[in-house]
J.: 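First the structure, then my questions, so here it is.
First the proteins, then the strands, lettered A, B, ... as listed; each starts at 1.
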Amino acid sequence: MKLKSRLMSAEEMSRALRRIAHEIIERNKGAQDLALVGIHTRGVPLAERLAALIRDIEGETPEVGKLDITLYRDDLTEIALQPVVRKTEVSFDVHGKSMVLCDDVLFTGRTARAALDALVDMGRPAVIQYAVLVDRGHRELPIRADFVGKNVPTSRVELVKVKLRPVDDEDAVDLYELEA
Amino acid sequence: MSRLLVKDAWLVDGAGDHGRADVTIEDGVIRGVGTDAAAGFRAARTVEAAGRLLTPAFLDLHAHLREPGQEVKEDLASGLAAAAAGGFGTVVSMANTEPPVDEPGLVTSLVRKAAGLGRARLRPAAALSHGLRGEVLTDFAALQAAGAVMITDDGIPVTNGRLMRSACQYAADLGLVVQTHSEDPSLRAGGVMNEGAVSQALGLPGNPDAAEAVMVFRDCEMARLTGARVHIAHVTCMRAMQVVEQFKGMGVPVTCEVTPHHLTLSDAALSGFDPVFKVAPPLRSDADVAYLREAIKRGVVDSIGTDHAPHTRAEKERDLLSAPFGLPNIEVAFPLLYTELVVPGTLPVAELLRLLQDGPAAVMGWPAPRLAVGAPADVTLLDLESERPVDPETFLSKARFSPWTGRALRGWPTLTLVAGEVAFERQVPDRSGAASG
Amino acid sequence: MATVRVEIPSSPTPRKRHLLDFEGWSADDVGALFDTADVMAQVLTRAIKRVPALQGFTVGTLFFEDSTRTRLSFERAARAQSADVISFAAGGSSLSKGESLKDTLQTIDQMQADVYVVRHPAAGAPHQLTHWTEAAVINAGDGRRAHPTQALLDAYTFRQRFAGFDGFTGKRLAVVGDIMHSRVARSNVELWRKLGGEVVLCGPAPLLPPEVAPQVRHTYRLEEAVEGAHAVMTLRLQLERMSAGLLPSPAEYVSRYQLTERVLQRAHPDALVMHPGPLNRDVEVATEVADGPRSVIRDQVANGVPIRMAVLYTLLVGTR
């Protein structure tokens, strides 16, 4: 795997997240009944940061949850290694909430579809929206994000790697080329 | 009858090693033995032995040929052909068939049928009790007159001591050998393998060696009490062998047999859960196997009997509890024992041959088989050098499976003659490339 | 179309094909299974007690020996992951005793299940089956030899309920009863020791042969076995053992081997009381102990489904 370029620096990420936080508040007319659910792994620190930003802006903290979608994936065919299944922590009632699913990269849309199925099995939110840091195109399902940090057209042989503290030791978005 | 010359064989029998020589055969008996035997002998056929071992055909006092009633597993034709392929010239067939051989008419029909087959000779054993139920004695004298050479309920232990005593007394009077399957059923208690560390780890019901030792003791006591010739079949463990040795030391007319599988396999073989290794009495511990081999060297063991117990492959693909006991081995018995015991130097070949020739003959009171002028031409020619893997697809037995599939063995019989006629022949290219027996 | 590379968090240990016993399973493998079971347990608390993880897979239950509880537990575990279930039970026309095991399997294999959950009265039958099918095989109990999912749910229950649980190292399990005939005992010995714990076996002499587990302490005295134990597991006493001449009367067994409050006082203060079920009340365990605060017998039953969900998931995911 070869590094091609840095798509977003830490500052650019910070600005994008602040903008997204404002957009979420605007779309949902405030933070009431708002819940952010991060998709494991990097969707989780994203959701937490957005929740903190929303609290700074609105004075009200939305609920935050963590969602593992491994059990809902449809792309686990012929895998050689054992997938690790992690806990979903959604301690609040989803009924009637405005839920914002948070993830680092939107690519084929399969993760989002699995997350939707998982959320719907938990209850009946009023509305589900989708926030991503990077949308890299190549959708295989009719999924779109409501809030996007940056749109980056990519080719299939490229990989977008998001690094987020505390999961990683820096904040950055890098573009790699996969070896043929 | 045909005149046959076996040229340049290495001749060995119970009387000793006679070196390389020729043997001429006519009218079913040996006509001449020696380096000049071929002189003036017009052979209809010449077998180029090229130094292969020629020895009297083996005697198996213990094989299950499954006729009548269980012909899906084996019958006289396939069983006696398999025996000849294993180098055996005479087989004593067991009586636990369906129905059991407990009537003289059954003995007669078996003898008659086997005679026409042109394979190994059949000497049937007859049941000790009617239906093998262990309650009422069969008519030993009538059975003997019909051709039975041995009395045994083998397969089923005779639990009633009083019946066993009567059987021994009566058999002693008639000069019949009583062969025993010595296991105490109540101690055996549903065991499917040897009771020991392996059975406990596998959680399989175990059959303790004590079940065999206890019954071997009883059967030896019967020999002592009645003076009957009691032949203990398939001794498998140290304790039982020690009992036999003790009684022999006292001069009691008891003899004993060991099987090829109990000399070469232990209970560890069942760790793979393959029912082909499920036999009765069971494969025992490594210590027991070692003791049996030592007992052979000390001269305690009288004979090797195969206990060839064919079943259908489907039966041996059942689970370990419901699969029947027994394994087929008559075609591989000699090569197996030659490769595992003689080749590594554990046992001299002369001793192995004794256990298959003079030993069983003595148990039965038959003349010792010899490569001598006038002796019956029951001989087998053995290839001690070439190594061939065990391939059940080539078996003449109906039981085309084996615990030793794929094992490379030496000592395969290439030709077996019974009464001077070819009972078995394998095409073997000789050193010049021409095919010969 | 070039393949899309998606990163899936994975564990580095090689995939397991079957669960026949714990041969080839490490303590880490079991730990991962327990973590997965935690997630599955959570699924079972939701409004919709189902995930699509095994959609399209078929689970075949082959029970040559009757057991409603274990079979239903596996079936529930399969359906909670959206798998299809086909059940074959002995006594029904589908499994005939005289038929060779291989023929029976090959007839059933036409249904092309992805995994067979097998219970059989003969040890080794699940091993034999692995030779004759491409499907995965899970041992739900073979003769007296092994019952791995039972041992898993027992250890999982201990991990869940032992106060201040910090690992199995140094934890002692006492197993009491008819050890000789117990696949639960054998599998618990295998698993606890693999996880770093200690086991002591206890029972009347005819039911406790020394070779059952030679590396493990054996005692015929209940008080000795329970002394300092962190968990006491009593096994079901089968009355057939009496008629088979292996044991004196139930009254004698009770007087010497029943787990009472008094005996339990010798155990670790936080010791848990376990039983694989079904319980003979006031035989193996006194009622007040069975219903008391240290009994986790009900938790064991409840944990059967998440553990079996985790096992099915671990063996099947990504095999097609």
Side-chain angles (χ1 to χ4, degrees), chain A residues 1 40-42 66-91 93-95 104-105 107-111 113-114 117-124 136-140 154-162 167 176-180, chain C residues 1-17 19 25-26 28-57 77 80-83 114 306-307 309-320:
Chain A
M1 216 164 60
H40 271 298
T41 311
R42 290 179 178 80
K66 305 174 188 176
L67 182 64
D68 183 85
I69 51 115
T70 315
L71 296 177
Y72 287 84
R73 301 188 77 112
D74 65 356
D75 53 356
L76 293 177
T77 48
E78 313 282 357
I79 49 176
L81 298 177
Q82 191 74 45
V84 172
V85 182
R86 265 168 304 202
K87 271 197 184 162
T88 286
E89 291 161 57
V90 173
S91 53
D93 185 8
V94 309
H95 187 84
D104 54 344
V105 178
F107 184 20
T108 60
R110 293 189 185 277
T111 300
R113 183 212 61 81
D117 280 350
L119 267 187
V120 154
D121 274 355
M122 277 186 244
R124 206 160 181 277
R136 64 170 287 198
H138 297 288
R139 217 74 77 233
E140 289 173 2
T154 60
S155 85
R156 287 183 163 275
V157 298
E158 288 169 334
L159 180 77
V160 173
K161 193 131 183 49
V162 171
V167 178
Y176 289 83
E177 176 148 335
L178 297 172
E179 311 294 345
Chain C
M1 185 164 86
T3 38
V4 170
R5 189 181 129 151
V6 181
E7 290 196 345
I8 302 168
S10 307
S11 94
T13 56
R15 301 290 310 277
K16 301 285 181 283
R17 185 132 186 256
L19 176 62
W25 289 69
S26 69
D28 285 340
D29 292 330
V30 176
L33 206 61
F34 285 166
D35 290 337
T36 305
D38 285 338
V39 176
M40 299 301 185
Q42 196 185 64
V43 169
L44 295 171
T45 60
R46 299 186 201 159
I48 301 200
K49 300 172 182 10
R50 195 178 55 239
V51 289
L54 296 180
Q55 190 150 329
F57 285 88
Q81 297 181 85
S82 306
D114 298 286
I307 277 287
M309 286 174 73
V311 170
L312 285 169
Y313 182 77
T314 300
L315 293 183
L316 290 177
V317 73
T319 56
R320 291 163 150 219

J.: Within a 6.0 Å radius of atom CZ on A:R124, are there more than 12 heavy atoms belonging to other residues, nucleotides or ligands?
T.: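 Count not over threshold, so no.
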J.: With sequence neighbours excluded, what pairs up with C:D35 under the salt bridge (charged side-chain N to carboxylate O under 4.0 Å, His left out) test?
T.: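 Per chain and number, C:D35 pairs via salt bridge (charged side-chain N to carboxylate O under 4.0 Å, His left out) with C:R159.
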J.: Consider side-chain contact (heavy atoms from CB on, under 4.5 Å). Of C:V317, C:V43, C:L54, which one does A:L71 pass it with?
T.: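 Single pass found, and it is C:V43.
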J.: Select one option (side chain, backbone, both, neither) describing which atoms of A:R86 are under 4.5 Å from chain C's heavy atoms.
T.: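 Interface part for A:R86: both.
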J.: Applying side-chain contact (heavy atoms from CB on, under 4.5 Å) to C:R46 and A:T88, what does each step give before you reach the verdict?
T.: CA-CA 11 Å; C:R46 299 186 201 159; A:T88 286; 4.2 Å; yes
J.: Going by the rule side chain to side chain contact (heavy atoms under 4.5 Å, CB included), which residues pair with A:D121 if we only count those two or more places apart in sequence or in a different chain?
T.: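 If we apply the side chain to side chain contact (heavy atoms under 4.5 Å, CB included) test to A:D121, skipping adjacent residues, the hits are A:Y72, C:I48.
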